[in-house]
Amino acid sequence: MEETSREAVATAVQRVAGMLQRSDQLDKVEQYRRREARKKASVEARLKAAIQSQLDGVRTGLTQLHSALLDVKDIQGSLIDVSKDWRQSINTIESLKDVKDAVVQHSQLASAVENLKNIFSVPEIVAETQQLIEQAELLQAHRKLMELECSRDDLMYEQYRMDSKNTSDMNLISIYFENVQGLSDELAKQLWMVLQRSMVTVRRDPTMLVSVVRIIEREEKIDRRMVDRKKQTGFIPPGRPKRWKDKMFEVLEGTVSTRIEGTQAVTRETDKMWLVRLLEITRKYVLDDLIVVKNLMVQCFPPHYNTFNRSKYYLSYDLEANEIVSLLTWVLNTYKSVEMMGHPELCSECDINQLEPLLPQDVVEDLLSKYVKTFTSNITGWLRKALETDKKDWQKETEPEADQDGFYQTTLPAIVFQMFEQNLQVAAQIDGDFKEQVLKLCLKQMNTFLIRYREEVVTYKEEHLRDRQLPQCYVQYMIAIINNCQTFNESINSLKRKYSQSSEPTESDATIERTLNEVAKEGCQFLLDEVFLDLEHHLSELLTRKWLTGSHAVDTICVTVEDYFNDFNKIKKPFNQEMTSEALRRVVVEYIKAVMQKRITFKTADERREGAERMIKEADQFKFLFRKLAGEDTDWLCGAITAIAEVFKLTDPTLLFLEVTTLVSKYPDIRSEHIQALLAVRGDASREMRQMIIGTLTENKVSYSSVAQPIFKDITVPTITMTTMTSMATAKLLK
């Protein structure tokens with residue numbers, strides 16, 4: 001408490017000292033005092049209110065706890081009373097055990113007496129039931145069967161209650177009623193026969209079909225009752241649940257299947273029009289049967305069976321994608337066209353706008369959904385096979401085919417878009433919205449396919465790098481892959497113009513275009529990597545003693561690049577132009593890297609002059625070569641080599657700062673370590689001059705963010721490690 005008081009006093013003193021720092025503030029002492037008094041009164045009021053609120057809460061809590069304590073005591077007293085009553089009732093329950101056993105025995109005897117008549121007459125009832133089944137008196141036969149099953153099930157249940165483990169008595173009852181299960185199976189066969197002929201029966205004798213449905217409904221109720229009893233007692237009679245309702249629908253669906261399959265009298269081998277004929281016959285049967293179902297059969301079944309909707313199984317049973325299209329084209333288009341209900345001679349009698357749809361919308365949507373699912377599965381398989389075929393072509397020892405303009409290509413784009421075109425033509429026969437849906441699906445599949453295509457191209461490159469002799473036509477097929485990307489893009493745009501009603505680009509379009517550009521650019525990069533793998537040895541000779549004394553490295557580089565670009569001419573625009581520009585940039589960068597690696601240090605003015613003249617000559621060689629290949633201005637990139645050569649060529653060291661400044665002004669992305677490397681290669685710049693040049697250029701650093709093609713940005717200058725210095729010193733000692 002004392003410590004808190006001291007801290008409060010210290011804080012107050014500090015606060016007062018802050019208020020009275022100037023002499024003119026002494027006049028406001030009374031004003032400060034009143035303000036602090038108001039603040040103190042406000043804080044005390046809030047503190048009192050908070051404490052009062054807390055006290056009220058505590059008071060309320062104590063009241064509730066007191067009330068809860070009283071409730072707990074009441075409950076405790078009630079539990080004690082219940083416990084006493086429960087202990088007293090135990091003796092009463094035990095004294096009633098004999099009464100309970102007598103009740104069970106009485107129940108069993110009552111059941112036995114009730115079923116005694118039926119038990120003795122079982123053979124007679126079995127014979128009567130068999131005769132009724134043979135006479136097709138199915139309702140009466142089922143009534144007799146239920147009596148037999150009821151007697152058997154009651155006896156088994158009582159035996160189960162008395163001694164559930166006594167299997168011998170259970171078996172004795174089962175043997176006595178063994179013919180009952182046979183009667184049930186025989187009756188079921190008769191029911192299924194009636195259902196198999198339901199389309200005929202409903203016309204000739206609908207009461208027979210109604211009887212079958214009533215029998216099945218009875219059995220369903222018995223099934224539910226027996227299942228409920230099993231949950232309570234654990235006992236269920238043999239043969240239950242029968243599930244005859246499920247079997248009924250299986251039989252009806254099997255009848256439909258048999259009827260449809262029976263119409264296929266011809267096959268594709270014997271008649272090219274087999275599908276058209278089959279669909280026409282199927283259409284006729286479907287229409288006739290649905291009319292019968294709607295007008296007659298629905299009345300024979302309970303409403304909750306939803307018989308008409310179940311009959312639509314006709315329309316989706318085993319229909320292939322092209323069959324679905326044929327059916328929907330006929331239903332949605334042909335039916336109301338001039339070829340049928342819209343015929344001019346029928347206009348006076350039939351208004352096609354008043355015709356109800358032949359198929360409910362949900363059935364149409366189900367069929368379209370099935371078509372889309374089948375199409376998606378098919379198109380995925382087709383694209384996979386097409387890519388596998390194309391991959392095999394990449395391994396061939398012969399060059400790929402060229403189009404009419406001489407550009408390499410493979411058959412992959414043509415195969416893929418022929419598949420898309422065929423399916424879009426089919427979809428267009430149904431309606432415009434479905435055509436748009438299929439087009440979107442094609443583009444989605446195309447997107448997934450291109451991701452796989454890209455992965456396979458990378459794998460193709462990696463396998464080639466393991467053995468650069470194989471495949472023999474790696475370069476030519478990589479060119480074809482790049483050209484395929486352009487063909488894919490053009491084909492997609494063609495499909496959209498032809499089959500899409502919207503010209504607005506979608507997210508899928510942007511993704512496909514981006515993936516195609518990435519595949520093409522990666523392909524160009526792989527080809528340039530191939531070129532520079534061959535140039536690697538010759539690039540390592542640049543700016544070395546061997547180079548200075550007369551190396552043909554640049555001549556070989558130019559010949560090699562030109563030879564490769566004879567093949568690269570088979571690449572379509574704009575990738576061929578981009579590739580040429582990138583090749584020039586990489587050549588110049590590699591050349592400048594050779595300078596920055598300080599492979600040589602010029603010892604005399606003559607060496608600097610000879611080296612500079614050779615660099616200028618080789619820069620001109622690069623200019624001539626790439627102007628010939630691309631037909632574009634190459635001065636900017638090749639000029640970097642010339643500008644560096646001018647730094648080396650300068651004979652007056654005092655003008656070195658001006659020459660370096662000129663270089664930096666032309667290529668502002670050059671860094672201080674680059675200048676240090678150049679001065680080190682030149683070999684005659686003193687330490688003071690190097691520091692002066694670097695310091696001045698650092699102070700006047702120019703931003704290169706606006707440079708279109710930075711050259712020096714990606715060029716690193718190797719640092720001299722202690723190991724390198726030691727090896728250099730050792731070499732000098734050995735000399």
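Along the sequence shown, residues carry numbers from 1.
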Asks: Is the number of heavy atoms from other residues, nucleotides or ligands under 6.0 Å of Glu44 CD greater than 12?
Replies: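 Enclosed: over 12 neighbouring heavy atoms sit under 6.0 Å from CD of Glu44.
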
Asks: Looking at side-chain heavy atoms only, is the closest gap between Lys370 and Thr374 below 4.5 Å?
Replies: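 Counting from C-beta outward, Lys370 and Thr374 do come under 4.5 Å.
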
Asks: Kindly give the heavy-atom pair with the smallest separation between Ile125 and Glu147, and that separation in Å.
Replies: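 Minimum heavy-atom separation between Ile125 and Glu147: CD1-OE1, 4.4 Å.
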
Asks: I'd like to know if the side chain of Gln445 pairs up with that of Thr380 as donor and acceptor (distance under 3.5 Å, no hydrogens or angles considered).
Replies: yes

Asks: I'd like to check Ile222 versus Arg225 (side-chain heavy atoms, cut-off strictly below 4.5 Å). Are they in contact?
Replies: yes

Asks: Any salt bridge (Lys or Arg N to Asp or Glu O under 4.0 Å) pairs touching residues 46-62, not counting sequence neighbours?
Replies: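 Output for this query lists Asp56-Arg59.
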
Asks: Might you confirm whether atom CZ of Arg197 has over 12 heavy atoms from other residues, nucleotides or ligands at distances under 6.0 Å?
Replies: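 Incorrect, the count does not exceed 12.
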
Asks: Using the rule given for side chain to side chain donor-acceptor pair (under 3.5 Å), can you reason through Lys444 versus Ser508, listing the C-alpha separation, both sets of side-chain angles and the distance that settles it, and then say yes or no?
Replies: CA-CA 7 Å; Lys444 181 180 179 182; Ser508 178; over 6 Å; no

Asks: Could you tell me the separation between the CG atom of Leu145 and the CD1 atom of Ile133, rounded to the nearest 0.5 Å?
Replies: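 It comes to 7.0 Å.
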
Asks: Is there a side-chain contact between Lys435 and Ile430 in this structure, where contact means two heavy atoms from C-beta onward sitting under 4.5 Å apart?
Replies: no

Asks: Does either side chain, that of Gln437 or that of Asp433, offer a donor lying less than 3.5 Å from an acceptor on the other one?
Replies: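 Absent: no donor and acceptor within the cut-off.
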
Asks: How long is the straight-line distance from CE of Met146 back to OG1 of Thr129, given to the nearest 0.5 Å?
Replies: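 Between Thr129 OG1 and Met146 CE, I get 11.0 Å after rounding to 0.5 Å.
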
Asks: Rounded to the nearest 0.5 Å, what's the gap from CH2 on Trp382 to CD1 on Ile379? Could you check?
Replies: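 Here the rounded value is 5.0 Å.
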
Asks: What verdict does the side chain to side chain contact (heavy atoms under 4.5 Å, CB included) test give for Tyr371 and Val426, after you've listed the backbone C-alpha separation in whole Å, the side-chain angles of each residue and the deciding distance to 0.1 Å?
Replies: CA-CA 11 Å; Tyr371 174 83; Val426 169; 3.9 Å; yes

Asks: Measure the shortest side-chain to side-chain distance between Arg6 and Glu3 over non-hydrogen atoms and say whether it is less than 4.5 angstrom.
Replies: yes

Asks: Would you tabulate the side-chain donor-acceptor contacts of residues 228-240 under 3.5 Å, counting partners in other chains and residues two or more places apart, or write 'none'?
Replies:
{"residue": "Thr233", "atom": "OG1", "partner": "Arg229", "partner atom": "O", "Å": "2.9"}
{"residue": "Thr233", "atom": "OG1", "partner": "Phe235", "partner atom": "N", "Å": "3.3"}
{"residue": "Arg240", "atom": "NH1", "partner": "Glu219", "partner atom": "OE1", "Å": "2.7"}
{"residue": "Arg240", "atom": "NH1", "partner": "Asp223", "partner atom": "OD1", "Å": "2.9"}
{"residue": "Arg240", "atom": "NH2", "partner": "Glu149", "partner atom": "OE1", "Å": "3.1"}
{"residue": "Arg240", "atom": "NH2", "partner": "Glu219", "partner atom": "OE1", "Å": "3.0"}

Asks: Which of parallel (below 30°), tilted (30 to 60°) and perpendicular (above 60°) describes His142 and Trp244?
Replies: tilted

Asks: CD/Gln131 to CD/Gln140 distance, rounded to the nearest 0.5 angstrom?
Replies: 11.0 Å

Asks: Can you confirm whether more than 12 heavy atoms, excluding those of Arg214, are under 6.0 Å from its CZ atom?
Replies: no

Asks: So that I can tick it off, tell me whether Glu36 and Lys40 are bridged by a salt bridge, with the cut-off set at under 4.0 angstrom between side-chain N and carboxylate O.
Replies: no

Asks: Can Arg452 and Arg384 be said to form a side chain to side chain contact (heavy atoms under 4.5 Å, CB included), step by step?
Replies: CA-CA 9 Å; Arg452 174 79 186 280; Arg384 187 186 302 111; 4.3 Å; yes

Asks: Side chain to side chain contact (heavy atoms under 4.5 Å, CB included) between Lys247 and Glu250: does it pass, once the steps are laid out?
Replies: CA-CA 5 Å; Lys247 179 63 176 178; Glu250 289 179 12; 3.9 Å; yes

Asks: What distance separates Met226 CE from Asp153 CG, expressed to the nearest 0.5 Å?
Replies: 5.0 Å

Asks: For the residue pair Phe177 and Leu148, what are the closest heavy atoms and their distance?
Replies: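 Closest heavy-atom pair between Phe177 and Leu148: CE2-O, 3.9 Å.
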
Asks: Run the numbers on Tyr157 and Asp154 for side chain to side chain contact (heavy atoms under 4.5 Å, CB included), then give the verdict.
Replies: CA-CA 5 Å; Tyr157 177 59; Asp154 287 347; 5.5 Å; no

Asks: Which distance, rounded to the nearest 0.5 Å, do you find between the CG of Leu138 and the OG of Ser211?
Replies: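 Spacing of CG (Leu138) from OG (Ser211) equals 7.0 Å.
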
Asks: Are the side chains of Glu513 and Asp509 in touch, meaning some heavy atoms are under 4.5 Å apart?
Replies: no

Asks: If you take all heavy atoms of Phe449 and Leu387, which pair is closest and at what distance?
Replies: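 Closest approach of Phe449 to Leu387, heavy atoms only: CE1-CB, 3.8 Å.
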
Asks: Is the side chain of Ser184 donor-acceptor paired with the backbone N or O of Val180 at a distance under 3.5 Å, no angle test?
Replies: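 Not confirmed, Ser184 side chain does not pair with Val180 backbone.
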
Asks: Taking the side chain as everything from C-beta on, heavy atoms only, tell me whether Leu47 gets closer than 4.5 Å to Gln52.
Replies: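 The answer is no, as the side chains (C-beta and beyond) never meet within the 4.5 Å cut-off.
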
Asks: May I ask you to test the Tyr453-Thr515 pair for a side-chain heavy-atom distance under 4.5 Å?
Replies: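 They are not in contact (no side-chain heavy atoms under 4.5 Å apart), so the answer is no.
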
Asks: For a quick test of reading the model, state the closest non-hydrogen atom pair linking Leu195 to Met248 and the distance between them.
Replies: CD1-CG, 3.3 Å

Asks: Is it the case that the side chain of Thr459 and the backbone of Glu455 share a donor-acceptor pair, with hydrogens and angles ignored and the cut-off at 3.5 Å?
Replies: yes

Asks: Looking at Arg38, is its backbone amide N or carbonyl O close enough to the side chain of Ser42 to form a donor-acceptor pair, meaning the two atoms are under 3.5 Å apart?
Replies: no

